[in-house]
Structures are given as structure tokens and as C-alpha cells.
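Values in this document were obtained by computation on a predicted structure and should not be read as measured data. The analysis underlying the following values was restricted to heavy atoms, covering all of them including side chains, and did not include hydrogens, waters or symmetry mates. Counting begins at 1 with the first residue of the sequence.
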Amino acid sequence: GSFKIKHRMTPLHILLAISMAMLWGFGFVTSKYAAVHMEPLFFLALRFIAVSLLLVWFVRLPRGQLKAVMLFACSMGAGHFGLFYIALEIGVEASTASIIWQSQVPLTVILAAFLLGDRPGWVGILGIAIAFGGVLLLVGEPRHFDNGLAIGLMFASCIMWAIANIQAKKLTTVEPLALNAWMSVFSAIILLICSLIFETGQLESFLIADWRLHGSLVYQVVGSTVLAYWIWYFLLARYPVSRVTGYMLLVPFSGVLSGIFALGEPITWPTALGGMVTLIGVTLIVRSRQTADSETETSPRAPTRKLG
């Protein structure tokens, strides 16, 4: 690497990182609202069409990598987001979703160990065990028992995210913005086809005059995607990846609080306890990655590792 990445974050950049986590956290609320009030696959297709139209003018076509980007779109856009929204539609609360969503961190580490030979240290392994323990505490609550399918789909969506993360690590020659743009194009096509096959009454549900539904779409495109990702890549270009990922730990906090205050979701002891235990596990994983990263931290290759 030609330039050294700074370690200490400036107060303004810390504020940006916290804002990014808050933007993503509130995204669980707008996702939940949209998934319940509209056909989820069609809503997602609209979201990806909008993102494509915003970004596609600024990026080049990743020639030679198109097949890999299409596969990335299958696992990220269609796999992760599609399953995530269906799980929200059939009953997972925004606050529960934001806690289960964290399981993509240990899942990515486990997959990286098997597929990339990127072995976690014992602190990382301990973190993985604690994180899954926390998720079990959360889903073991009796009120979730009737909801096994939805929770299973939410887990499946986290596994798809982890797979997409591994793919993204190998797509290092594609600019992050280009990856996001073309992933959105291919995802929009896949999701539109799936929506036409599996869903009905899409336009009727979208054309209902509901400012919260249309606001959710605008928020998903501008807030969760364009703004939050811009901050993410902006910070990754300046700081070690582990430093920036640390702020992702604020996302579930933001998601749970948003769910309670914006949607009136119940906060129960298992939710609070499961959330805290999961967070401790994920924090341990992130800390163990930080020490691993600080031993090899001179190259500015960070922006290729992407979450989301």
C-alpha cells in the first residue's frame, strides 16, 4: 500500500459512523412496514430499480466479471433481501430481525474459515459461540414458537448475506460503487420475475395513497442505500476495516429502539437479554478481527470488504 490508513477517527467521522448505524437501524422499521403493507418482492424490485437508476450512470460495466456480479446479485439481492423481506412479511418483528441480523457476522467468519482458509483465533471462536447463544435465547421465547418458518427464513437470509460477503471478498477488482450498482440492476430483474410468478395485485398495493409506504421506499433508497453506503465507503477509504465495522454494532440497538418507538413492538426480557448476549459475542468477534487486522494493516484494500 502506498498510503497509511489513519487509526484515530476524528469527531466528525465518529458522528458520521454513528449516523450510518442509525440509518441502517431505522431501515428495519421501514422494511417491516413495507413488507407488511405491500408485496415484498415487488417492493424490493422497486427499491433496486431506483438504486440502479441513481447509480448506473456513474460506473463502468465490470467486463470479465459480469458472471461473478450476477451470482453476487443472486445471493445478496435476491437471496438475502428476498428472504429477509418475506420473513418480515410473515411475522418477524423489526426489533427481533435486527438482533438475528447480527448472526451474519459469525456466519461470515465460519464461512471464511472453510472457504478462504481465514481461521478465527480462540477469542473469535468464543465470540461465535456466545453470539449464537444470544440468538437462541431470543428465539427460544414462547411467543416466537408459532413463527418458526419466519425465523428460519430470517436465518437463511443471514446465511445468504455471509455467502455474498465471501463473494465480495473475491470481487476485489470491481469498484464498490459499481458492484452495488450492477448488483441492483441484476437483483431488480430477478426480483421482478419472482414477483410476477409468486405475487398478485402488486400495483394496486403500491398505488394506495399511504405516505408511510412511499416514504419507506424513498428511505430505503436514499437513507439505507445511497447515504449509508456512501458513509460506509467514505470511512473505509480512510480507516482500517475493523475500526469501521465496530460501529455496525450500533445497528441492532438502533433497530430495536426504532421498532419499539416507531412500531410499538413489545420489549421483553428474552429480547433484551438475547440482544445483549448476541452483541457481546459479535463484539468479541470484531475485537479479535481488529487484532488480526492490526498485525497486517498497511494496505488500503479496505473498501473491498463490504457489508450489505
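Under the 3.5 Å distance criterion, with hydrogens and angles disregarded, no donor-acceptor pair is assigned to the side chains of Gln220 and Thr225. Between the side chains of Ser205 and Glu39, at least one donor-acceptor pair of N or O atoms lies under 3.5 Å. A donor-acceptor contact under 3.5 angstrom links the side chains of Thr268 and Thr271, judged on distance only. Between the side chains of Ser224 and Tyr219, no donor-acceptor pair is found at a separation under 3.5 Å.
A donor-acceptor pair is defined here as one N or O able to donate and one able to accept, closer than 3.5 Å; such a pair exists between the side chain of His37 and the backbone of Tyr33. Between the side chain of His80 and the backbone N or O of Ser157 there is at least one donor-acceptor pair closer than 3.5 Å. Counting only distance, with no hydrogens or angles, the side chain of Thr278 and the backbone of Val135 share a donor-acceptor pair below 3.5 Å. Ser195 places no side-chain N or O within donor-acceptor distance of the main-chain N or O of Leu191, the cut-off being under 3.5 Å. For the pair Lys169 (side chain) and Leu116 (backbone), a donor-acceptor distance under 3.5 Å is absent.
Note on Trp230 and Leu12: separate hydrophobic clusters, where clusters join Ile, Leu, Val, Met, Phe, Trp and Tyr whose side-chain heavy atoms are under 4.5 Å apart, directly or indirectly. In the hydrophobic cluster analysis, where Ile, Leu, Val, Met, Phe, Trp and Tyr join through side-chain heavy atoms closer than 4.5 angstrom, Leu137 is grouped apart from Val139. Leu71 is not connected to Val174 by any chain of hydrophobic side-chain contacts under 4.5 Å among Ile, Leu, Val, Met, Phe, Trp and Tyr, and they are in different clusters. Leu153 and Ile197 fall within the same hydrophobic cluster, where Ile, Leu, Val, Met, Phe, Trp and Tyr residues are linked whenever their side-chain heavy atoms come under 4.5 Å apart, directly or through other members. Leu257 and Trp101 fall into different hydrophobic clusters, where Ile, Leu, Val, Met, Phe, Trp and Tyr side chains are chained together by heavy-atom contacts under 4.5 Å.
Between Ser254 atom OG and Met248 atom CE the span is 11.0 Å, to the nearest 0.5 Å. Taking NZ from Lys170 and CG from Asn165, the interatomic distance works out to 13.0 Å, rounded to the nearest 0.5 Å. From Met276, atom CE reaches atom CG of Leu138 across 13.5 Å, with rounding to the nearest 0.5 Å. Atom CZ in Arg63 sits 14.0 Å away from atom OG1 in Thr173 (nearest 0.5 Å). In this structure, Ile190 CD1 and Leu41 CG are separated by 11.5 Å, a value rounded to the nearest 0.5 Å. Going from atom OG of Ser103 over to atom CZ of Phe155 covers 5.0 Å, rounded to the nearest 0.5 Å.
With a 4.5 Å cut-off on side-chain heavy atoms, Asn180 and Val51 do not count as touching. At a threshold of 4.5 Å between non-hydrogen side-chain atoms, the residues Phe72 and Ile163 do not count as touching. Taking 4.5 Å as the limit, some side-chain heavy atom of Ser75 sits within range of a side-chain heavy atom of Gln167. Leu46 places a side-chain heavy atom less than 4.5 Å from the side chain of Met38. Side-chain contact between Pro62 and Leu179 is absent, with no heavy atoms from C-beta onward closer than 4.5 Å. Ile86 places none of its side-chain heavy atoms less than 4.5 Å from the side chain of Phe198. A heavy-atom distance below 4.5 Å is found between the side chains of Leu249 and Leu279. Proximity of Phe42 to Leu192: side-chain heavy atoms (C-beta onward) are separated by under 4.5 Å at one or more points.
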Would Met154 and Leu83 satisfy side chain to side chain contact (heavy atoms under 4.5 Å, CB included), going step by step from the backbone distance to the final call? CA-CA 7 Å; Met154 189 56 77; Leu83 292 169; over 6 Å; no
Could you please spell out the steps behind the ring pair (Phe, Tyr, Trp, His ring centres under 6.0 Å) verdict for Tyr229 and Trp24? CA-CA 10 Å; Tyr229 280 119; Trp24 269 324; 5.0 Å; yes
Audit row: Phe234, Arg238, side chain to side chain contact (heavy atoms under 4.5 Å, CB included) steps and yes/no: CA-CA 7 Å; Phe234 174 84; Arg238 286 158 182 78; 3.3 Å; yes
Kindly indicate, with the supporting measurements, whether the criterion side chain to side chain contact (heavy atoms under 4.5 Å, CB included) is fulfilled by Val36 and Leu88. CA-CA 7 Å; Val36 170; Leu88 287 172; over 6 Å; no
Check against side chain to side chain contact (heavy atoms under 4.5 Å, CB included), Leu213 and Ile208: CA-CA 9 Å; Leu213 181 61; Ile208 290 167; 5.7 Å; no
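Across every non-hydrogen atom of Pro40 and Ala35, the tightest pair is CD-O, 4.2 Å. Nearest heavy-atom pair across Gly133 and Val277 is C-CG1, 4.5 Å. Heavy atoms only, all atoms of each residue included: Pro106 and Gln102 are closest at CD-O, 3.4 Å. The heavy-atom pair separating Lys32 from Ala94 by the smallest distance is CB-CB, 4.1 Å. Closest approach of Val109 to Pro120, counting heavy atoms only: CG1-CB, 3.7 Å. Minimum heavy-atom separation, Val221 to Ala50: CG2-CB, 3.6 Å.
The aromatic rings of Phe186 and Trp182 lie tilted to each other, with the angle between the two planes from 30° to 60°. The aromatic rings of Phe48 and Phe81 stand perpendicular to each other, their planes meeting at an angle above 60°, with 30° marking the opposite boundary.
No option in Thr96, Val251, Val256 other than Val251 meets the side chain to side chain contact (heavy atoms under 4.5 Å, CB included) test with Phe28.
Arg47 forms no cation-pi arrangement with Phe43, by the criterion of a distance under 6.0 Å to the ring centre and an angle within 45° of the ring axis.
Residue Glu175 places its CD atom among 12 or fewer non-hydrogen atoms of other residues, nucleotides or ligands, all under 6.0 Å distant. No more than 12 heavy-atom neighbours from other residues, nucleotides or ligands sit within 6.0 angstrom of CZ on Phe253.
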